[in-house]
Amino acid sequence: MFSYDDFGAFPPEQIAYAKAVSDRLFDIYKHKPLAYIVTYGCQQNVSDSERIKGILEFLGYGFTDSPDNADFVLFNTCAVREHAEDRVYGNVGAIKKLKKSNPDMLLCVCGCMAQQEKNAQRFKSSFPYVDIVFGTQVSYRLPEFIYRRLTTGKRVFELSLDNGDIVEDIPVRRDGKIRGWLPIMYGCNNFCTYCIVPYVRGRERSRSPESILREAKEMVNAGFKEITLLGQNVNSYGKGSPYGVNFAQLLKMINGIDGDFRIRFMTSHPKDCTSQLLDAMAECEKVERHLHLPFQSGSDRILKLMNRHYDRETYLKLIDYARKRMPDIAFTSDIIVGFPGETYEDFKQTVSLVERVKFASLFTFIFSPRNGTPASNMEDSISREEKGKWFSQLLEVQDRISKEYSISLVGKTVRVLCEEKSTKEGFLIGKSSGTASVEFQADDTYIGKFADVHIDEYTNVLKGTLIK
Ligand code: SAH
Ligand code: SF4
Ligand code: F3S
């Protein structure tokens, strides 16, 4: 089952650990062991989990959708807001009972929340049935961690965050077959004052253009129709790297790959969003007409306190330039409501920016103080209740704008990627070049193909007719 060829840069010692684990698994479980993986947080985590699954498959694990029959349970966690952390403690706790009936089950916690010392400590002292805890930069060492746990009986805690070289050629088991994630850089150097990500993901590190292009080609050859380039900060790709390729150039290189596929990317930071990048988007026929560009707040005073390095006017200029180059482009964004010191006047600036840009959709969050970030020590006098009211007000405004956006598409013909069956028999759901989902009548053979769809009406969902 093992071949020592074809693993490129995947570390040989991990391959040796993998072989040693693989040899023991059947003796322990007497059947093909099954893994149950739960992923919280952003697409970066989803993508990391796909590599973790790739490694587990390589070790000889199969997969299950339920913890009840699992021999290996892993929680890949997120620390970006408090709510996310609370859920993890509850769900990890619930596995204790299952471990009683399957004592050989391994329980593993990794990702951004595990990376924080205080959480790792809590797993160590209050959750003795957690076997392995590891951080965001060492997941490629999973074969070693499992080997150590199985052979020494000691629990494993590995949190090193040394910002070393990116490990390439990690096996990957992608969740989908049509749309796939392709990480191009890891970490973040921006230190927005509210955000935990730079502390738990470490410094920005870019993959080489060669590795990215190789993986993109593999995905296209495997039949993927949409590749989303991923990074906390995709558009600062290449900075501080020896490769001499920036994000706009990388986009063009990927656009040059032969094949019928399209490209998305996320997340872009406005301070690194250059006109060169918007020009590249406009020139690349495979790049979708969608830009996710979080602005966080419409108030310059709050943007300064957030350490965002752009102002309202610069942001709006970028939007206007992008629209000029790509009239049909759809924008989405992230917003934080109730940042410390934010007044109702500041909040109204956020609402007015939302009204002005007319985003297709928004991801809105109420500020959640994160231990260790500067904003968690800033004076915050607005009550949670008041912030909740502002939040609902913003949602109402965006609801109306999202509807207007959908209605504006009625009568147009859009090219969609047919993704899946709709709940309605004989109908499919496809996604436009922007962000719209359309339902239309077509048989299953269209799944995974591009098609032109005329949009007929909007009744909470867009409904259309297949043209070809
Ligand atoms: N790197 C991306 C995404 C970071 S996390 C970016 O820079 O846009 C995704 C979103 O979560 C952020 O854009 C922000 O809107 C939100 N967020 C991050 N920290 C937060 C906090 N402490 N409280 C509330 N929302 C937060
Ligand atoms: Fe967090 Fe800011 Fe980095 Fe995004 S750019 S991950 S919000 S610090
Ligand atoms: Fe959460 Fe980590 Fe992503 S904190 S949002 S999973 S980078």
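In listed order, ligands and their atoms are each counted from 1.
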**Asked** Closest heavy-atom contact between Cys273 and Leu278?
**Response** SG-CD2, 4.0 Å
**Item:** Atoms in ligand 1 with a heavy atom of Thr267 nearer than 4.0 Å
**Value:** 2 (C), 6 (C), 8 (O)
**Item:** Nearest-contact summary for atom 10 (C) of ligand 1 - protein heavy atom, Å
**Value:** Asp334 OD2, 3.4 Å
**Request:** Among all protein heavy atoms, pick out the one at the shortest distance from atom 16 (C) of ligand 1; state its residue, atom name and that distance to 0.1 Å.
**Result:** Arg81 NH1, 3.3 Å
**Request:** Report yes or no: is the cationic atom of Arg122 (NZ for Lys, CZ for Arg) under 6.0 Å from the centre of the six-membered ring of Tyr89, at an angle within 45° of the ring normal?
**Result:** yes
**Message:** Could you identify the single nearest non-hydrogen protein atom to atom 3 (Fe) of ligand 2 and state the distance to 0.1 Å?
**Reply:** Cys188 SG, 2.2 Å
**Asked** How does Pro198 reach ligand 2, by side chain, by backbone, by both or by neither, if only non-hydrogen atoms under 4.0 Å count?
**Response** side chain
**Message:** Below 4.0 Å from ligand 1: does a non-hydrogen atom of Val80 turn up there or not?
**Reply:** yes
**Item:** Residue part near ligand 1, for Ile366, under 4.0 Å between non-hydrogen atoms
**Value:** backbone
**Asked** What atoms of ligand 2 come within less than 4.0 Å of a heavy atom belonging to Cys195?
**Response** 1 (Fe), 6 (S), 7 (S), 8 (S)
**Asked** Is the shortest distance from a heavy atom of Asn233 to ligand 1 less than 4.0 Å?
**Response** no
**Prompt:** At what distance is the nearest protein heavy atom to atom 4 (S) of ligand 3, and which residue and atom is it?
**Reply:** Ala79 N, 3.3 Å
**Request:** Specify the protein heavy atom at minimum distance from atom 7 (S) of ligand 3: its residue, its atom name, and the distance to 0.1 Å.
**Result:** Gln232 NE2, 3.1 Å
**Request:** Please find out if atom 1 (Fe) of ligand 3 and some N, O or S atom of Cys78 are separated by less than 2.8 Å.
**Result:** yes
**Message:** Under a 3.5 Å cutoff, is there a donor and acceptor pairing between the side chains of Asn190 and Lys271?
**Reply:** yes
**Request:** For atom 3 (Fe) of ligand 3, find the nearest protein heavy atom and state the residue, atom name and distance (0.1 Å precision).
**Result:** Cys42 SG, 2.3 Å
**Message:** For atom 5 (S) of ligand 2, what's the nearest protein heavy-atom neighbour? Residue, atom name and distance, please.
**Reply:** Asn190 ND2, 3.3 Å
**Prompt:** Starting from atom 7 (S) of ligand 2, which protein heavy atom do you reach first, and at what distance in Å?
**Reply:** Tyr194 OH, 3.4 Å
**Message:** Side chains of His290 and Ser433: any donor to acceptor distance under 3.5 Å?
**Reply:** no
**Asked** If you measure from atom 1 (N) of ligand 1 to every heavy atom of Glu82, Gln232, Gln44, which option wins on shortest distance?
**Response** Gln232
**Message:** Under a 4.0 angstrom heavy-atom cut-off, which atoms of ligand 2 come close to His269?
**Reply:** 5 (S)
**Message:** Show the atoms of ligand 2 that are less than 4.0 angstrom away from any heavy atom in Gln232.
**Reply:** 6 (S)
**Asked** Using a heavy-atom cut-off of under 4.0 Å, does the side chain or the backbone of Arg201 touch ligand 3, or both, or neither?
**Response** side chain
**Item:** Ligand-side contact atoms (ligand 1) for residue partner Phe367, heavy atom cut-off under 4.0 Å
**Value:** 23 (N), 24 (C)
**Heavy-atom closest contact (Phe10 atom, Asp169 atom, distance)** = CB-O, 3.3 Å
**Request:** Would you mind checking which non-hydrogen protein atom is closest to atom 8 (S) of ligand 2, with the distance to 0.1 Å?
**Result:** Cys192 N, 3.3 Å
**Asked** Taking the six-membered ring of Phe157 as reference, does the NZ or CZ atom of Lys124 fall below 6.0 Å from its centre and within a 45° cone about the axis?
**Response** yes
**Asked** Which protein non-hydrogen atom lies closest to atom 2 (Fe) of ligand 3, naming both residue and atom, and how far is it?
**Response** Cys112 SG, 2.2 Å
**Message:** Show the atoms of ligand 2 that are less than 4.0 angstrom away from any heavy atom in Arg308.
**Reply:** 2 (Fe), 7 (S)
**Sub-6.0 Å ring centroid separation between Phe72 and Tyr36** = no
**Message:** Within ligand 1, which atoms have a heavy atom of Gln296 less than 4.0 Å away?
**Reply:** 12 (C), 13 (O), 14 (C), 15 (O)
**Request:** List every atom of ligand 2 that sits less than 4.0 Å from any heavy atom of Phe191, numbering the atoms from 1 in the order shown and giving each element.
**Result:** 8 (S)
**Item:** ligand 1 contact on Tyr194 by region, counting heavy-atom pairs under 4.0 Å
**Value:** both
**Message:** Just to be sure I read this right, does ligand 1 sit under 4.0 Å from the backbone of His269, its side chain, both, or neither, counting only heavy atoms?
**Reply:** neither
**Request:** If you have a sec, work out which protein heavy atom is nearest atom 23 (N) of ligand 1 and how many Å separate them, to one decimal?
**Result:** Ser368 N, 2.9 Å
**Asked** Counting each atom of ligand 1 from 1 as listed, which ones have a heavy atom of Arg370 under 4.0 Å away?
**Response** 22 (N)
**Request:** Check ligand 1 against Pro294 and write out every atom of the ligand that is under 4.0 Å from a heavy-atom position of the residue.
**Result:** 8 (O)
